[in-house]
Amino acid sequence: MRRIVYSVSSFLSCLAIVGCNFKGNTDMQKEGKINCQKWDAFAAKVGVPGCDQAVPATDKAGLVKNLSEMPQNFVAGSAKYAEVTKLVQNYVSQIGAKTQATEIVSVKKLADVLVEAGFADQLTEVTKPEFISIPYYERDKVTPTDLSAIKTLSGINKDSKFKIYSTKEGKVDTSDFAEGTAYVLIYKLNGSDQKYSSIVTIPDKKSDDEKFKVIMYAHGGDAGISFRNIATILQNNLGKGIVAAPSFPGEPICSITTIGGSVENNFIRSCGDAKGNVIKAAVTGEGVKSPLDNDVNAFLGLHNAISRMAFSMKPLIVKSNIDSDFNLNLDYYSNNNLLLQMLTGPKTIGVSDSRGGATLLAAIGRTGIMLKSTLEGGLGNIDLKNPPILPLFSSAGLFYTPSTLLIGSFRIVTQNMLAGNIYDTSILNALPMIPDLKKNSYITDYRIAPIGQDQQVLDKLVGWIAASDIVFLSPYISVGMQNWNVTISEITRTFNSVLFPKLKNDEKFKPILDFLEGLVSDKLTADNSLLLMINDSIISANQNKVNVKECNYLADVTIPGNNSCSIYNILVKGQKSVKLGDKIVPEIKPLINEDEVENFTNFISDFDNAIKNLLISNEADKFTILTNLLISASVYKIPLDKLTDIINFIGASLYSAKEFPQLSFNNPSVELKASIIKNLLNLGKLDESLKKFISTLPEEQKKNPLSVILKPYLDILMKERKSSPGSIIFLHSTQDGVVPYTQSLIAKKAMDTVFDAVYGSTQIPNNPLTSFNIPAVGSQLFAFQPEDRFYTINLGEKTSDGGVCSALGYDGNAATNYNPDVKKCFGKMELNKSHDGTFAHGDTAVRTARLISEPLNAMSYNVNKSDIINSLLYGNQSKINNAYSTNINTQLITFNFAYNLANKKENANIFYSTDCTDPKTGIRYLFNACPASGSNFPLFNRTLFQDGLQKDAIVDGRWEQKNKTSSLTPTDIFTLWMESAAKEASN
């Protein structure tokens, strides 16, 4: 595991603000002492330095080294990794059910919600030419330009419609825009009556058959969400999917914008108008703020609500208060298989900024943990009556995101939270999450528990904090974020070509399959199978309902004219067991109620068609047929545990007819002629073979023998699964004064370490990914350097981080916040009341900053679009003309070439490879993904070394003259990523 490198300025800024209580630091928050017994117990559990390793604040180099140590016990393969993993699994197992939606309370147009809240004036068009609805500060301008074509205070009109322009190279582009409708969706989650609120935007369709991915957006800050917040980040990308954005528990939906905490407002969060004045909320947030805990549940729960709503899936209750224009035209990973659509949900992309990035990483990572638990437990353990639906992310784009509370300056914050040293007057309360994290029950319970009686609460704290930390979550992010389209198509192929042939020849299954084939292949008429003749008999009887009573063969034999044993009667009233001569008529309990007959006959019709295609047709997609049959059972409300009973019912009625042909089967029974009866299988032998198999099973497995039979096949399905990675990018300004740039660097390093452990020369034991053939996701970090105009602090003056502007850093190298062109340090310049330009966080300094990337810094969005897209797909050195059709061999050669360049290697060695090599071509593929048919579908969109030859600059964030030539902004990169790597990851 490589040690992560950071710039010192971000660490020292925290010292100035809060005081770290390390040795020698006595001038900050003097009344707040670190309880070393508490901290040391926690530090030992997670694997970070304890009090005995404290460093004097005057030793800057030592302090940086100390804070650079990652939580070692969160690293796969470490000595205590298994212990931490168990604690995380305990935490995640308790939250899993809480992410499942139970009710859609309402879906209203956002405009209607604003009217109800008294904000009708915010939907009225403003005619003043200088009016700005959604401000965007263009490059080289100090006054904003409008992102919105709709000139209202809220950015939407009275019909809740929006029209948002794109930006390119720091300029608003009115030729490219997104149009659609904004809604407010209120929902509830399992185990709670709390209402969760969200904004959902749906693009206007360009064609009748257009379908949309779901873009899950986790907002920045902790003051709530507004349409303006969403539009400012996503811009014209609002047209690329259905955007679902929760407001998070305890946070409101605001009509115009949000106001974060500051010294000036006593750290009180609120909604604001266009001038920054406090106004009331459009939708008041319910519940208690719960960062990195219930906000993750709310995020996953919103996705679950949308997924279930699309299929009206139980246990979801959908109230009548749903806007009639709200239509979910979702794009699925499997558009021809209804069951897989229900289980896997829609194609999903995650997007976040600031605090929302921590929520998004936790959501993807925890989803990965839950998915891995499902894989370990086996697919046979899924409850198909009420299956858990987890979002299957294909990609994620994160703007200036926090990723860990245990490395760098954030560890100091965490240490002080555990000690209770962040008081209500601390400037740290201005940071998103901090006021609520310090009140987090996991932290406070551990803080107040008596020493020696705190082991249980310590375990809970570590489980939660590890489930929120990129170092632990990084492998599970690869589990939760894949190209699921590849996985699902390969599962279908494996089932059809490998499993089903095995299934047909299995001695345990063959009698059943032969029997079923006899039902559908024996023809009574030109177009009716025996099964359909039985069904017709039931339909006819259901219409007439003559003499409905329990079947009694003895009465039918001895009493003239008594015809009680129709198949319909057996179905709804059952069959009495009687002895006729030396034979026993078996008892059959009623299978369904009379009011369920229509559903039953509809299902039998589907059942007949499915069996024909499964057993007779050679070309049919067996997997899709089987899964759609399960959907039919759900639609017609036939419980899955009754499928075996249905087969028994058909068999028992036919068995009786075969054994007792002297009985009269008049209409509404089907007339079973002797020629038909002779063609029926000997069901006695079927019963005998099944009973013999069941008798060999342990007692607990006898209740569900079918799952025992199927388990080996499901295991093969998982073993043979083929996978392709998703795509993740981090975008961050090197001078971010709210979330240190190093937080994105930490995230990238954590993801790189996992990639190295999977594909590199040194592989770790018990890797969570290799044990399940899951590819590691490659990450891209795009760093951005603020423009010259944002460097305004003179040498010797105080900087925003509490230090003094200096040309050199503590290590003698150029200071990371110093611009030698203007000979000043970063900071001070403000563009508006929100201090845009001061902190380089979510402001103009980020959106119009210069990209740090050697191969891209001279590229133009319009002129070099295809080159940038290739870089986003395969790395900065790629020269691929047709990226979408390249085969895996080309991609791997390109990647390893980029690796050589980035590491200044002159040979052509393959540094990264997989365990699967085609013996004919020698081409290396991802896990177990050698395509026997020579398929070229892209299994590899790895872009580890996007940073290329600027790797050193990316690490330390120092200003460089040559980066001033770059014209690309974070929005440019994000938009092109949405069109390339994010798109490929779900196709």
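All values derive from a computational prediction rather than experimental measurement. Count residues from 1 along the sequence.
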J.: Any salt bridge linking E979 with K240? Criterion: basic side-chain nitrogen under 4.0 Å from a carboxylate oxygen.
T.: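 Result for this pair is yes, salt bridge flagged.
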
J.: With a 4.5 Å limit on heavy-atom distance, are the side chains of S860 and E169 in contact?
T.: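 Yes, side chains in contact.
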
J.: Please answer whether the main-chain N or O of L745 pairs with a side-chain N or O of H732 as donor and acceptor at a distance below 3.5 Å.
T.: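 Absent.
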
J.: Pick out which of R269, K289, R355 makes a salt bridge (charged side-chain N to carboxylate O under 4.0 Å, His left out) with E251.
T.: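 Only one of R269, K289, R355 forms a salt bridge (charged side-chain N to carboxylate O under 4.0 Å, His left out) with E251, namely R355.
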
J.: Within the structure provided, determine whether V738 and L431 are in side-chain contact (heavy-atom separation under 4.5 Å).
T.: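 Answer yes - side chains close enough.
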
J.: For G220, does its backbone N or O pair with a side-chain atom of D353 as donor and acceptor, under 3.5 Å?
T.: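 A pair under 3.5 Å: yes.
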
J.: Quick one: are S966 and F784 in side-chain contact, heavy atoms under 4.5 Å?
T.: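 No, side chains not in contact.
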
J.: Look at the aromatic rings of F472 and F74 and report parallel, tilted or perpendicular, splitting at 30° and 60°.
T.: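 F472 and F74: perpendicular rings.
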
J.: Under the 3.5 angstrom rule, does the side chain of Y187 hit a backbone N or O of A298 as a donor-acceptor pair?
T.: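 The answer is yes, because a donor-acceptor pair under 3.5 Å joins these two groups.
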
J.: Are I242 and P203 side-chain neighbours, meaning at least one heavy-atom pair lies under 4.5 Å?
T.: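 A side-chain contact exists here, since the closest heavy-atom pair is under 4.5 Å.
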
J.: Does T167 offer a backbone N or O that forms a donor-acceptor pair with the side chain of Y136 under 3.5 Å?
T.: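 The answer is no, because no donor-acceptor pair under 3.5 Å joins these two groups.
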
J.: Do the ring planes of Y165 and F177 sit parallel (below 30°), tilted (30 to 60°) or perpendicular (above 60°)?
T.: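 Geometry flag for F177 against Y165: perpendicular rings.
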
J.: For the side chain of S733 and the backbone of Q735, is there at least one donor-acceptor N/O pair under 3.5 Å apart?
T.: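 Flag set: sc S733 to bb Q735 pair under 3.5 Å.
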
J.: Any donor-acceptor pair under 3.5 Å linking the side chain of T348 with the backbone of P346?
T.: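 Side chain of T348 to backbone of P346: a pair is present.
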
J.: Would a distance-only check, ignoring hydrogens and angles, find a side-chain to backbone donor-acceptor pair under 3.5 Å from T404 to D469?
T.: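 It does not hold such a pair.
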
J.: How about L292 and I465: do any of their side-chain heavy atoms sit closer than 4.5 Å?
T.: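 No, every pair of side-chain atoms sits at 4.5 Å or beyond.
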
J.: Can you tell me how far OG of S198 sits from OH of Y183, rounded to the nearest 0.5 angstrom?
T.: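 Between atom OH of Y183 and atom OG of S198 there are 13.0 Å.
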
J.: When you look at W977 and S727, which way does the side-chain hydrogen bond (donor to acceptor under 3.5 Å, both in side chains) test go after all the steps?
T.: CA-CA 9 Å; W977 172 78; S727 176; 2.9 Å; yes

